[in-house]
Amino acid sequence: MLVLNNIEVIYSNVILVLKGVSFEVRDGQISSLLGANGAGKTTTLKAISGLLKSELGEVSDGNIEWDGKRIDRMGPDGVVKMGIAQVMEGRRVFQHLTMEENLKVGAHLRKDSMNVKKDLDMVYDLFPKLKELHNRISGYLSGGEQQMMVLGRALMAKPKLVLLDEPSLGLAPIIVTEIFSAVKKINVEEKTSFLIVEQNARAALRVAGFGYVMDNGRIVLYGESEKLVDNEDIREFYMGLGDLGQRKSYREVKHYKRRKRWLG
Amino acid sequence: MDTFLQLVVTGLAVGATYGLIALGFVLIYKASGVLNLAQGELMMFGAYICFVFSVQANIPFYAAVALTLPVALLIGAVIERFFLRYMIGQPLISVIMMTIGLMILMRGIATWIWGTEPKVYPQVFPQESMSIGSVNISYEYLWAAGLSIFFVLIYIIFFRFTKSGLVMRATSDDEHAALSIGISIKKVLSQSWAIAALTAAVGGIIIGALVGLDTTSFPQYGLKVLPVVLLGGLDSIPGAIIGGILIGLTENLVPEYLGFLGGGMEELAPYILVLIVLIVRPHGLFGLKRIERI
Amino acid sequence: MGRTLVKTLSISILVIILMTLPLLIACSDDDEKTENAPEELPDIHVGMSALVTGPYGAYAPITWGYLDYMKDLNERGGIDGAQIEVHWKDCQYDVAQSIAAYADYSKSYDLVAFTGMGTGANLALAERCAEDGIVLAAIGGEPELIWPAQEWVFASSPNHAIGALGAMQYAMEQWDEGRVARVGIAYPNNPFGQSIIGPIEEYASELGYEVVEKQEFELTALDAVSQSLAFRDDEVDIVYVQGTAKSVAVLCKDMDRQGFIPKMVIGPLHVIHPAFPELAAGTGEGVIGWNPFYLWPQDMDNESVQYWRDKALEYSSGDIVSEEDPYMSMLYMWGLSVGVLLEAGLREAAAEVGAANITAEALRNALENVTNFKTGNSGFQPGIGFSPSNHEAYSATSLMQVQDGVWVRINNMFESPWKFAE
Amino acid sequence: MRLPCGIINKSYSQDTAIVRTNLQWLLLVLALITLFTFPYWASPHWISVMIGVWISIIGVMGLTLLTGYAGQLSLGHMAFVAIGAYTVAILMSDLNWPFWAALPCAGMISGCIGVIFGLPSLRIKGFYLVIATLAAQFIIVHIISRWDSLTGGVFGLSVPKVTLGGFEFKSDFSYYFLAMIFALIAILIAKNLSRSRIGRSWIAIRDNDIAAEIMGVDPFKYKLLAFFFGCFFAGIAGGLWAPYLRYLTPEQFTLMGSVWYLGYMVIGGMGSIMGPIAGVIFITILDEFTAEMVTDLATGSPVFAGFVQASRYIVFGLAIILFLIFEPRGIAHRWERIKNSYRLWPFSY
């Protein structure tokens, strides 16, 4: 179980980005972290995975525990070794490596080379399209294929928890659906937990069991997905639905009156 | 025609040696994006360590070479750990300056330990030459060329088929993504410096066997190879060897056939060749094109 | 913030200390000098822009030889009791640094003579010395400094061209094929390399040989195949290589591989290095080098060589000689020869005007009156002498040859032709 | 520029003035007095050292404009210094031009040749540009050392002295003023250039040339301008070296010299005008210190020749390395921080 306990993150000794964030991701659960641009979602993920340090950020207060062990002082390699894999925002593929090499490099920390082969097949089963493309240079793949590949690459490390950053970014809805159903499948079959950061709240809440909403460096709202979906604020701000559940017309946006009912 | 063939063969052999030295540059650039100007000094250290084993400790030459390699690996790792590690995230030019600082320091240490008098290995390669038709090619050059090609093959295999090689290539592609999948950049950097130092040591030993050792002129061979590296592409292993061969050929053929342009053209020709190639292909013949984003 | 402040402060203090240290050292040095000089006779000041470190650090033995000679001279009582004070600074073959050192010493002390290192520095210094009226006691080697004789420049030993001509003279004495010998020259493109070409070509008609091929050949070249082929194709009989032990070895090896064995291979004094036969891996057999000095260990019976070997060990000027490696560097002798030149001039000047009144002017005039100066300690070279038209200490060389893998002297000092001086 | 409290800009000319406060005026006057009286109280040794410092500052200032501001890495700056030096030498000795006419010529010729070698920079970037400038180093010095009829080849040529009216700049004492005045003018020009439209465009190109192009900065024009000014300064520096050394040989303009120019800049701090000044002074003093050390080591006994020969390398290498580890952004940056913490003390936040 991943527990974030009141963490505070500061960039370059000056910029306070997270102001006391606490939440938890239970084993075997899919949680989602929602919020607008600049709310601090990605920073939260980086704080967990240890990538903050390479960007002059640090966790200045609070702690992050994973199965009872503190991980906020660890480097990214240590965190991955503990079983937490991160899929970075924007499909960071190793562009000069082939598809299969990309997947294999994801398993570089594992010693059981026999099972790696098996997991490779598992990823190919999950995304049959990738199998056809296994010898292609990954830099030339389409966005959807790249997103599937980086997700597969993270899975190759056999993680217990996957931190998934904006998987829907810039992708067609049908591919988003495909990716999220794969996430659901892995979650069911392999008991892998997920923490999904999304702006596409509707898609995320459809697969997630639990949701947290971030705004301005704080968790402002959380609850079961079903409850969040019904929450008026969520509907208003993240799904673009009006009071009656219909799509809002742009004419109404002009007369926008509603205020967020939380303190940012 | 005989002269032409002879010069081509010599050019190939010398070029392969250049290629081997260039490999050291490429390895470090691939892993860390650093152009290591102290490569000539790494070569010198390798060559002198082999000298210590083979002449001063009187160990048979091939055993001495075998003993030199682990020491070279260690030197590379130590340099990375104590000097280059602090340069992560600094501007490129500061990193270059760091390698220049290393260059000066290493020259100093070598001068201190071994002095400035020339030193000689015991005879390593047979002095006789092999004749193919009218072309004479010495065993020294054959060995040098053979070893260079051997090492290139080893590195190609290493980078293509081993896990460490894959990890190093991944790191050079995207450092942050590599971090995110748990690759320890520090480990990769120290590995690549160690391997580069080993390559440099082999290159140094070959050059030492060809022309002897001394602390004052030896480091120049490192800088002489710079056009080779940039011609082939800073991050291409086959590029290093092909660039080496091209420069080797240029150096040998130019004075014979373009000698009318004035003496010493063989020193200029590599630079002119590289300039022309770079204007057409800004990343060298085989270098990977970095996609520039805003 | 407190931590950063401490770091800031500590580093700034470090910087300040680093910046002021040299000043402190310089100051403390000056104090010592003024305290430790209570002599009756005023010191004679000479200066040197030395070459000890840097990319040409291999030439450091010249400086050691010079300093050792002066130390020895002072121990022997100096010039009629006047001690000689050497002011020197390591200038790394850098012209600007040499000029700075010269400016410093010539302003701060009553210099009588100055010695520079490197052709560029010497040519620049020659003009300044002439202006200020200070003797430039040059190390032999650069013909352009003393051909023609400049008023204030004196060279301590034969230059490269003289050595080359001496060697050519010897080669022609050995030549018995009854036809014009064909000579090839390999030279690096620097003053050292180019200085010999003209004289060798000019000398050709007189002795009856012909320079048929000139090839540029860098001192750091990895191979010499194209040079070897050019010499082979032109059927060169005698190859003159202006190079170092390393580069001559490379050329010898490559000529051998191309199946081309010239009748004679001649190199300059740098070739005479004990490592050369090994560097050339057997192909250096028979190579000739010219040499203006007697040397350890070939001339073990020469008293002067013995003397200087013992002195070098006593002053322990490092690795120049050691018990295990009984080799005395040619460069060390070069340094000594400058000392001989200065001693000769100063003794002559002291005889004329008295040791207390030696000025640069007096030294210059005295040097032109020196004839066949030879002390027991300077017998590693022939007696030296100058005249108004000749500012070269002597023009004799001997030749050495690699025989069975070691350097052997093949003839005694003989007068080399130097008539091209005028 | 950070100003102390209470200083308010009331007009544009106030805002752009270099010297703002009374304290700054005082310091400036004190510094100028020190510099102008320096030859009267300093030892001959330090006068000649300072001449070298002033001339190097001009050359490194050019490199700072080219590399520090415009981001075009150059490993061949010494070659452009050589062009300036040889231009002045040839114009003065062969054509009997006065120094004052030859010097601007040296700058112009050097700058124009710099532009030619800068042309590839439009396509070649980063480390690959290093080779283009390295090629400049080799090609230019190669031509100088082989054009015997004009440059005297490897044996070099001698340079006449600088005269003004009937006065000859013959001693170090007088040459100090000549070098200093040119250096001060160069500093002023560089300072103003760096904060003009050109300087801002250079910074934009350095930071991201594609972005700069999109914002309307023409990289072609400004990169070439950077090469022109960088090499112009180098040419002026060379033009001042020539009559000071009074004898030029191609050996004086080595690759290591170019490397040291980069070293001055990096140690001093890139992208600031203070940087090259601090860098040149620091390295020169360090150089003097190591030379002094060699003499002390060698005259003490027992002597270890090997160590003496190596000592200068070791001290120098270590100094550079330690500097880069502890202050990678150069002396100028450290100086700014000291100034700021002094200004803000005791409330440092």
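Numbers restart at 1 for each chain; the letters A, B, ... are given by sequence-line order, proteins then strands. Everything numeric here is computed off the predicted structure, so don't read it as measured data. Every heavy atom of this structure was used, including side-chain atoms; hydrogens, water molecules and symmetry mates were not.
Side chains of Asn252(B) and Thr10(B): no donor on one and acceptor on the other come within 3.5 Å. Side chain to side chain, Tyr332(C) and Asp68(C) meet the donor-acceptor criterion of an N or O pair below 3.5 Å.
Of the atoms belonging to Ala60(C), not a single heavy atom falls under 4.5 Å from chain B. Using a 4.5 Å cut-off between heavy atoms, Asn189(C) makes no contact with chain B at all. Contacts of Leu222(C) with chain B are made by both backbone and side-chain atoms, with heavy-atom separations under 4.5 Å. Using a 4.5 Å cut-off between heavy atoms, Glu218(C) touches chain B through its side chain atoms alone. Heavy atoms closer than 4.5 Å to chain B are found nowhere in Thr53(C), neither backbone nor side chain. Using a 4.5 Å cut-off between heavy atoms, Tyr141(B) touches chain C through its side chain atoms alone. Both the backbone and the side chain of Ala281(C) come within contact range of chain B, judged by heavy atoms closer than 4.5 Å. Using a 4.5 Å cut-off between heavy atoms, Tyr139(B) does not touch chain C at all. No part of Ala245(C) comes within reach of chain B, as not one of its non-hydrogen atoms sits under 4.5 angstrom from that chain. For chain C, the nearby part of Glu267(B) is the side chain; its heavy atoms alone come within less than 4.5 Å.
Ranked by heavy-atom pairs shorter than 4.5 Å toward chain B, the options Leu219(C), Leu229(C), Val250(C) are led by Leu229(C). Ranked by heavy-atom pairs under 4.5 Å with chain B, the first of Lys246(C), Lys214(C), Glu278(C) is Lys246(C).
The two residues Leu331(C) and Pro61(C) come nearest to each other via the heavy atoms CB-CB, 3.8 Å. Nearest heavy atoms, Ala280(C) versus Lys253(C): O-CG, 3.5 Å. Heavy atoms only, all atoms of each residue included: Gln242(C) and Gly193(C) are closest at CG-CA, 3.7 Å. Of all the heavy atoms in Ile137(B) and Ala13(B), the pair that sits closest is CD1-CB, 4.2 Å. Scanning all heavy atoms of the two residues, the minimum distance from Gln97(C) to Asp90(C) falls at OE1-O, 3.7 Å. Of all heavy-atom pairs between Met117(C) and Met48(C), the closest is CE-CE, 3.5 Å.
Salt bridge status for Arg257(C) with Asp254(C): present, with a side-chain N to carboxylate O gap under 4.0 Å.
Near-neighbour residues of residues 208-217 of chain B relative to chain C, defined by a heavy atom under 4.5 Å from a heavy atom of that chain, comprise Ala209(B), Leu210(B), Val211(B), Gly212(B), Asp214(B), Thr216(B), Ser217(B).
Residue-environment remark: CD (Glu235(C)) stays at or below the threshold of 12 foreign heavy atoms within 6.0 Å.
Below 30°, between 30° and 60°, or above 60°: for His270(C) and Tyr59(C) the angle between ring planes is above 60°, a perpendicular geometry. Below 30°, between 30° and 60°, or above 60°: for Tyr121(B) and Phe61(B) the angle between ring planes is above 60°, a perpendicular geometry.
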